[in-house]
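Let me begin by presenting the structure, written as structure tokens, before commenting on it.
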Number of protein chains: 2
Amino acid sequence: MSVQERKERERAGRERLIVAVARELAEQQGWDAVTTRRLAERIEYSQPVLYSHFRGKREIIGAVALEGAAEMAAALRAAARAEDGPHKRVAALARAYLDFAERNPAVYDAMFQLDGGLAFAREDTPEPLKDGFAALLESLGEVAGDGVHPGLFTEVFWASLHGLATLTRAGRLPPQDTEARVELLVDRLAVI
Amino acid sequence: MSVQERKERERAGRERLIVAVARELAEQQGWDAVTTRRLAERIEYSQPVLYSHFRGKREIIGAVALEGAAEMAAALRAAARAEDGPHKRVAALARAYLDFAERNPAVYDAMFQLDGGLAFAREDTPEPLKDGFAALLESLGEVAGDGVHPGLFTEVFWASLHGLATLTRAGRLPPQDTEARVELLVDRLAVI
DNA sequence: TTGCTTGTCTAGCGATGCTAGGATCGAATC
DNA sequence: GATTCGATCCTAGCATCGCTAGACAAGCAA
């Protein structure tokens, strides 16, 4: 039994290594540079080994996305917890979101721009994704306003942040006024 | 002289054909299906001909994006012109924006998701893109609120719409409550 | 007719994601 | 300790991608 357990441990370790290397490579040189050949070379195995862990490149992107979602949820909760009062909390949340997107562009892409083969907004949505949305909902629910469904409000707020994050990073919005845009968004959307 | 003029006309016509076919193919089967080989086959010329018109696939995407930007600007202005009063006008504008994105997903991708090699938010930004932003600004400037820079407000509003458009289409937001989300966004962001 | 420019095509390069089939290695059995 | 056998891994290759070099043909000027 012990032999098999050891093998499973090694396999799990190698799988974590694949995801970590994919993420690192993506952050360093962009997802285009994450080819199966390069990935295989970096983990010091041949290409087909990747396919014994993942069905394809898409699934590797999906694994990075899940890892990122868990981290983002934690970062959002930490930022919200550090502030008193709904308004300050929401502002901190928004900044933390955009900060995460800016600091981890490749991970953010894996989560929201690329196709990682993950289900969203459904029953079978993976737990880390649901939890990321929940982390937003926790702070945003209290500023949704009377008669507005908290979930719907969270969706709108999230979409707005997502728009700011992606357009800024793609050079579609000038980078200098980021802070002013966040303030405007929070002041208008959040009630009290 | 006439011979040369005829040739230039034919060349320009072929270039329009390339862009039209690329757009059609992208809308039908997605941008992944727009390969240089398939494109060449459909215009009934060999691959290298494409490269005598465009530097590469990126530039073809860029051409589709410019065409789309001009159409979108016209659609936004038409929607705004049909309504009286700032609030109604902005609501119509928002719906027209999301409607365009939904009806022309491939064109929308070319404009805002893919790399078409275009400059944004800069001096040398192509005219159709500037005009698209201007079309938004015309209606949104009057609801920016006191002391808020119209351009900044337009950026935030646009980013929010962009977030809704992309997240909805990628299946990240449930499709049914789209209208409620738009109403909420307009009600909160637009002043009076 | 002879040259030259202009236009187009065939063929090919180096990559990509992914896979079939053979080799190798280690654990279990005699 | 030798042998069998299954799991594990690698070499080699496929189809396709964006892009380009070089051959070829058509049309114009001399």
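Every value quoted in this text rests on a predicted model; they were computed, and no experiment measured them. Residue numbers start from 1 in every chain, and the chains themselves are labelled A, B, ... in the order their sequence lines are given, proteins ahead of strands.
Considering CD1 of B/I60 and CZ of B/R58, their distance stands at 12.5 Å, rounded to 0.5 Å. Going from atom OG1 of B/T36 over to atom CD of B/Q47 covers 4.0 Å, rounded to the nearest 0.5 Å. With values rounded to the nearest 0.5 angstrom, A/M72 atom CE is found 12.5 Å from A/R77 atom CZ. Taking CZ from B/R95 and OG1 from B/T178, the interatomic distance works out to 11.5 Å, rounded to the nearest 0.5 Å.
Salt bridge status for A/K88 with A/D84: absent, with no side-chain N to carboxylate O gap under 4.0 Å.
The distance between atom CG of A/L50 and atom P of D/dT8, rounded to the nearest whole Å, is 16 Å. What separates NE2 of A/H53 from P of D/dA7 is a distance of 16 Å, to the nearest Å. Atom NZ in A/K7 sits roughly 12 Å away from atom C1' in D/dC9 (whole-Å rounding). Rounded to whole angstrom, the span from the CZ atom of B/R11 across to the P atom of C/dT8 amounts to 8 Å. Rounded to whole angstrom, the span from the CD atom of A/E8 across to the P atom of D/dT8 amounts to 10 Å.
Judged by distance alone, the side chain of A/E59 and the main-chain N or O of A/R55 form a donor-acceptor pair under 3.5 Å. Side chain of B/D131 to backbone of B/E127: no donor-acceptor contact under 3.5 angstrom is found.
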Enumerate all atom pairs, one protein N or O and one N or O from nucleotides 21-26 of chain D, separated by less than 3.5 Å.
none

What protein N or O atoms touch nucleotides 16-19 of chain D N or O atoms at under 3.5 angstrom, if any, and at what distances?
{"from": "D/dC17", "atom 1": "OP1", "to": "B/R38", "atom 2": "NH2", "distance (Å)": "3.4"}
{"from": "D/dC17", "atom 1": "N4", "to": "B/R37", "atom 2": "NH2", "distance (Å)": "3.4"}
{"from": "D/dG18", "atom 1": "OP1", "to": "B/K57", "atom 2": "NZ", "distance (Å)": "3.2"}
{"from": "D/dG18", "atom 1": "OP2", "to": "B/T36", "atom 2": "N", "distance (Å)": "2.8"}
{"from": "D/dG18", "atom 1": "OP2", "to": "B/T36", "atom 2": "OG1", "distance (Å)": "3.1"}
{"from": "D/dG18", "atom 1": "N7", "to": "B/R37", "atom 2": "NH2", "distance (Å)": "2.9"}
{"from": "D/dG18", "atom 1": "O6", "to": "B/R37", "atom 2": "NH2", "distance (Å)": "2.8"}
{"from": "D/dC19", "atom 1": "OP2", "to": "B/Y51", "atom 2": "OH", "distance (Å)": "2.9"}
{"from": "D/dC19", "atom 1": "OP2", "to": "B/K57", "atom 2": "N", "distance (Å)": "2.8"}
{"from": "D/dC19", "atom 1": "O5'", "to": "B/Y51", "atom 2": "OH", "distance (Å)": "3.3"}
{"from": "D/dC19", "atom 1": "N4", "to": "B/Q47", "atom 2": "OE1", "distance (Å)": "2.8"}
{"from": "D/dC19", "atom 1": "N4", "to": "B/Q47", "atom 2": "NE2", "distance (Å)": "3.0"}

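With B/F112 as the aromatic partner, A/R172 does not meet the cation-pi criteria of under 6.0 angstrom to the ring centre and within 45 degrees of the ring axis. Under the 6.0 Å distance and 45° angle rule, B/R169 does not count as a cation-pi partner of B/Y108.
In this structure, A/R11 places its CZ atom where more than 12 heavy-atom neighbours from other residues, nucleotides or ligands lie under 6.0 Å away.
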Full working for side-chain hydrogen bond (donor to acceptor under 3.5 Å, both in side chains) between A/H149 and B/D177
CA-CA 11 Å; A/H149 190 281; B/D177 299 321; over 6 Å; no
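A rotation axis mapping the C1' atoms of four pairs onto the next four is fitted at both ends of the helix from C/dT1-D/dA30 to C/dC30-D/dG1 over five pairs, and the angle between these axes is 30° to 10 degrees.
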